[in-house]
Amino acid sequence: MSDSTTPAFSLEFFPPRDLAGQERLVRAAKQMLAIQPKYVSVTFGAGGSTRAGTADAVRTLRNLGCDAAPHLSCVGASRQDLRDILQTYKNEGVRRVVALRGDLPSGMGGDAGELRYANELVSFIREETGDWFHIEVAAYPEMHPQATHPSTDLDHFVAKVNAGADAAITQYFFNADAYFDFVDRAQAKGVRVPIVPGIMPITNHTQLLRFSEMCGAEVPRWIRLRLAEFGDDKASIRAFGVDVVTELCQNLLDNGAPGLHFYTLNHAEAPLAVWKELAL
Ligand code: FAD
């Protein structure tokens, strides 16, 4: 649906854990095909815990007609593991991958793997497979939670792009200025690839605070206060969430964001409601 001037929309799913989850994934994906995403992506459990599940979900989504990109993280993996996974995807005709370092789940032991950071994974993918894959990497407008300074974190982002990434998807945020500031600073360092904002729908107060705590995304005080006041009133939380996220997306698109990447959490309702409000 897109040329270089049309915003590109993409959707992120996670691999289902059981049959009910599989049905939910297919239902959500079918509902969301209406918005003609440029591609969809499927997360990967760092350390390989969802290796088969990610590949299966990618197959499912490709069978529905989506261009699907598996996420791939290098933490806890050997070069041979990564080579095998890439080769399997290549054999199946997958042309996109989201390349990440990942975080080893607690309790998985201390083997960090053979590649330390995402820039090394991007270089490895290019060495092994040339230009076969379109590579997306992660970006953190509010700084990666383990980074010590915004400037060094930005340098690490630039290194991933220079290693051969074609585009970036950001961690979600609710403060558009953080995104614009990050893009300006990245461009000042020579980054020319699209940096697509990651969009998290607001549907569940507790879950949003938990995710945000883990990934270092700031939920502004006024949003937290409004959500707290809604208590268990799910309908009001959803309606408020659609308003807030629609306004954020509109601001991003009006001011030059090259597209939007929705974290769907395998549910179509909230992203589709935002989509409808955006009247795209
Ligand atoms: P990196 O870019 O390697 O950065 C990690 C940290 O190391 C940063 O603090 C950075 O500043 C620092 N760093 C980078 N390079 C160097 C260097 N050379 N020397 C010193 N420090 C360095 N996680 C999953 O497990 N599965 C997923 O599917 C998944 N999908 C994601 C999708 C998106 C769009 C985003 C934004 C995140 C996703 N994550 C996923 C989370 C991600 O794996 C974590 O945030 C992880 O901690 C960092 O991964 P990265 O690829 O950004 O790492």
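Counting starts at 1 for both ligands and their atoms, following the listed order.
Close contacts between ligand 1 and Asp153 involve ligand atoms 8 (C), 9 (O), 10 (C), 11 (O) [criterion: under 4.0 Å to a heavy atom]. For ligand 1 and Asp103, the ligand atoms under 4.0 Å from any heavy atom of the residue are 44 (C), 46 (C), 47 (O). Here is the list of ligand 1 atoms found below 4.0 Å of a heavy atom in Phe44: 24 (C), 25 (O), 26 (N), 27 (C), 28 (O). Close approach of ligand 1 to Ile169 is summarised as follows: ligand atoms under 4.0 Å from at least one heavy atom of the residue are 34 (C). Each of the atoms 36 (C) of ligand 1 lies under 4.0 Å from some heavy atom of Gln171. In the vicinity of Ala138, heavy-atom distances shorter than 4.0 Å reach the ligand 1 atoms 35 (C), 36 (C), 52 (O).
Using a 4.5 Å heavy-atom cutoff, the side chains of Leu260 and Leu278 are in contact. Using a 4.5 Å heavy-atom cutoff, the side chains of His156 and Arg101 are not in contact.
For atom 14 (C) of ligand 1, the choice among Tyr263, Tyr117, Tyr140 with the nearest heavy atom turns out to be Tyr117. If you check each of Lys160, Glu12, Gln146, His144 against atom 48 (C) of ligand 1, the one with the closest non-hydrogen atom is His144.
At a 4.0 Å heavy-atom cut-off, ligand 1 does not touch Phe157 at all. Contacts between His156 and ligand 1, counted as non-hydrogen atom pairs separated by less than 4.0 Å, involve the side chain only.
Polar contact check, Arg101 against ligand 1: a nitrogen or oxygen pair lies under 3.5 Å apart. The shortest N or O to N or O distance between Thr170 and ligand 1 is not below 3.5 Å. In terms of polar-atom proximity, defined here as any N/O pair under 3.5 Å, Ala118 does make such a contact with ligand 1. The shortest N or O to N or O distance between Thr43 and ligand 1 is not under 3.5 Å. Taking only nitrogen or oxygen atoms, main chain and side chain alike, Arg116 does not reach within less than 3.5 Å of ligand 1. At least one N or O atom of Gly102 sits closer than 3.5 Å to an N or O atom of ligand 1.
Looking at residues two or more places apart in sequence or on another chain, you find no side-chain hydrogen bond (donor to acceptor under 3.5 Å, both in side chains) involving Thr152.
No heavy atom of Val98 sits closer than 4.0 Å to any atom of ligand 1. Judged by the shortest distance from any of its heavy atoms, Tyr172 lies outside the 4.0 Å radius around the atoms of ligand 1.
At least one donor-acceptor pair closer than 3.5 Å links the side chain of Glu142 to the backbone N or O of Glu218.
Between Tyr179 and the options Ile195, Asn255, Asp184, a side-chain contact (heavy atoms from CB on, under 4.5 Å) holds for only Ile195.
Surrounding CZ of Arg95 are more than 12 heavy atoms belonging to other residues, nucleotides or ligands, all under 6.0 Å away. The environment of CG in Asp232 is sparse: at most 12 heavy-atom neighbours from other residues, nucleotides or ligands sit within 6.0 Å. Other residues, nucleotides and ligands place no more than 12 heavy atoms under 6.0 Å from the CD atom of Glu213. Few gaps surround CD on Glu92; more than 12 heavy atoms of other groups in view lie less than 6.0 Å from it.
Not a single protein heavy atom sits closer than 4.0 Å to atom 4 (O) of ligand 1.
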TODO: Verify side chain to side chain contact (heavy atoms under 4.5 Å, CB included) between Phe230 and His205, making sure each step is shown before the conclusion.
DONE: CA-CA 9 Å; Phe230 291 130; His205 181 197; over 6 Å; no
Solution key, residues 159-170 side-chain donor-acceptor pairs under 3.5 Å, sequence neighbours excluded:
{"residue": "Lys160", "atom": "NZ", "partner": "Ala138", "partner atom": "O", "Å": "2.7"}
{"residue": "Asp166", "atom": "OD2", "partner": "Arg126", "partner atom": "NH2", "Å": "2.8"}
{"residue": "Asp166", "atom": "OD2", "partner": "Ile135", "partner atom": "N", "Å": "2.8"}
{"residue": "Thr170", "atom": "OG1", "partner": "Gly198", "partner atom": "N", "Å": "2.8"}

